[in-house]
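Only one structure is covered here, and it is reproduced in the block below.
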Amino acid sequence: MPFDPKKVDKASNVDKQLSSYKAPCRGCSKKVTLAKMRTHISSCAKVQEQMANCPKFVPVVPTSQPIPSNIPNRSTFVCPYCGARNLDQQELVKHCMENHRSDPNKVVCPICSAMPWGDPSYKSANFLQHLLHRHKFSYDTFVDYSIDEEAALQAALALSLSEN
């Protein structure tokens with residue numbers, strides 16, 4: 001049967017477990033149900049402070065190579081709400097949580113639109129939740145931008161076959 005996202009039912013037993021188990025917040029140590037942990041962490045001042053104090057990437061040695069101008073910038077972004085510039089992924093999340101938490105406007109995700117597969121016209125209905133759920137890691141760690149989708153698929157298949 002074709003998948004219809006409008007006809008998805010929550011797994012009530014999983015929902016019940018998430019609502020009954022509590023765990024300490026990694027920032028303030030407050031006991032929070034697992035069902036509410038993501039919401040709590042996104043607003044916990046101590047977690048936001050920890051994120052702000054995370055070390056930024058620094059190259060081991062400076063490079064003498066020129067920065068190519070034809071490669072899209074996928075390391076810093078512009079806030080889609082206010083236009084603040086030069087925000088890395090973590091800074092964009094922090095900035096939006098601190099400054100635009102209650103902004104109801106639909107906006108284009110600058111991280112997604114910078115990706116080869118991104119749609120620069122797609123506006124997220126809930127941009128902050130999108131940021132928190134979809135951009136927990138940097139794509140640079142997992143994606144080779146120099147190859148197309150078919151070549152990436154073939155490389156993944158070859159690697160999976162070689163590991164078995």
Side-chain angles (χ1 to χ4, degrees), residues 3-63 67 71-145 152 156 163:
F3 174 72
D4 183 354
K6 293 177 183 145
K7 295 181 180 174
V8 174
D9 295 324
K10 284 187 175 182
S12 59
N13 59 333
V14 174
D15 223 16
K16 186 177 176 182
Q17 285 180 323
L18 290 174
S19 295
S20 63
Y21 293 124
K22 288 188 175 188
C25 168
R26 68 175 186 246
C28 67
S29 300
K30 177 182 177 184
K31 292 259 183 181
V32 181
T33 64
L34 297 180
K36 295 181 180 177
M37 186 63 77
R38 282 190 179 148
T39 304
H40 173 78
I41 285 175
S42 69
S43 63
C44 177
K46 293 212 178 195
V47 171
Q48 299 305 319
E49 184 181 315
Q50 289 170 354
M51 285 176 57
N53 293 328
C54 285
K56 300 286 185 250
F57 171 77
V58 178
V60 177
V61 292
T63 181
I67 297 172
I71 296 176
N73 178 0
R74 294 188 181 108
S75 56
T76 62
F77 307 97
V78 174
C79 173
Y81 291 113
C82 69
R85 305 178 65 77
N86 298 319
L87 301 168
D88 68 19
Q89 191 167 314
Q90 283 184 329
E91 290 167 339
L92 178 64
V93 172
K94 183 176 187 279
H95 168 82
C96 289
M97 293 305 294
E98 289 175 356
N99 299 289
H100 307 294
R101 182 180 298 276
S102 58
D103 194 318
N105 292 318
K106 291 182 177 184
V107 294
V108 174
C109 175
I111 300 170
C112 289
S113 68
M115 298 301 144
W117 58 83
D119 179 353
S121 64
Y122 179 77
K123 293 185 176 187
S124 297
N126 189 334
F127 178 63
L128 293 179
Q129 287 301 312
H130 167 83
L131 271 181
L132 293 170
H133 293 146
R134 297 287 179 209
H135 299 297
K136 291 182 178 180
F137 64 90
S138 172
Y139 284 110
D140 294 342
T141 309
F142 300 100
V143 176
D144 182 352
Y145 298 112
E163 290 177 352

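The first residue in the sequence is number 1, and the count goes up from there. A quick note: this is a predicted structure, and the numbers were derived from the prediction, not measured.
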Inset, instruction - In sequence, state the C-alpha distance, the side-chain angles, and the governing distance for H135 and C112, and then conclude on side-chain contact (heavy atoms from CB on, under 4.5 Å). - result: CA-CA 9 Å; H135 299 297; C112 289; 3.4 Å; yes
Inset, instruction - Dump the intermediate steps for side-chain contact (heavy atoms from CB on, under 4.5 Å) on C96 and F127, then the final yes or no. - result: CA-CA 9 Å; C96 289; F127 178 63; 3.8 Å; yes
Extract all donor-acceptor atom pairs below 3.5 Å that involve side chains of residues 11-30 and protein atoms in other chains or at least two apart in sequence.
from, atom 1, to, atom 2, distance (Å)
S19, OG, D15, O, 3.1
S20, OG, K16, O, 3.2
S20, OG, Q17, O, 3.1

What's the spacing between [X] [atom1] and [Y] [atom2] if we round to 0.5 Å?
X	Y	atom1	atom2	result
K94	N99	NZ	CG	9.0 Å
H40	K31	NE2	NZ	12.5 Å
M115	C109	CE	SG	8.5 Å
M37	C44	CE	SG	9.5 Å
M51	S42	CE	OG	10.0 Å
H100	L128	NE2	CG	9.0 Å

Identify the heavy atoms of [X] and [Y] that sit nearest to each other, and give their distance.
X	Y	value
H130	S124	CG-OG, 3.9 Å
K106	A125	CG-CA, 3.9 Å
I111	F77	CA-CE2, 3.7 Å
V108	S113	CG1-CB, 4.0 Å

Legend entry - Set of residues satisfying side-chain hydrogen bond (donor to acceptor under 3.5 Å, both in side chains) with respect to S121, sequence neighbours excluded: D119
Inset, instruction - Assess whether side-chain contact (heavy atoms from CB on, under 4.5 Å) is satisfied between K123 and V107, documenting all intermediate values. - result: CA-CA 5 Å; K123 293 185 176 187; V107 294; 5.8 Å; no
Inset, instruction - Look only at the side chain of Q89 and the backbone of S75, and say whether a donor-acceptor pair between them is shorter than 3.5 Å. - result: no
Inset, instruction - Evaluate whether atom CZ of R85 has more than 12 neighbouring non-hydrogen atoms of other residues, nucleotides or ligands under 6.0 angstrom away. - result: no
Inset, instruction - Answer whether the closest heavy-atom distance between the side chains of T39 and V32 falls below 4.5 Å. - result: no
Legend entry - 4.5 Å side-chain heavy-atom contact, Q129 and R38: no
Inset, instruction - Starting from the C-alpha separation in whole Å, work towards a yes-or-no answer on side-chain contact (heavy atoms from CB on, under 4.5 Å) for M97 and L132. - result: CA-CA 10 Å; M97 293 305 294; L132 293 170; 4.1 Å; yes
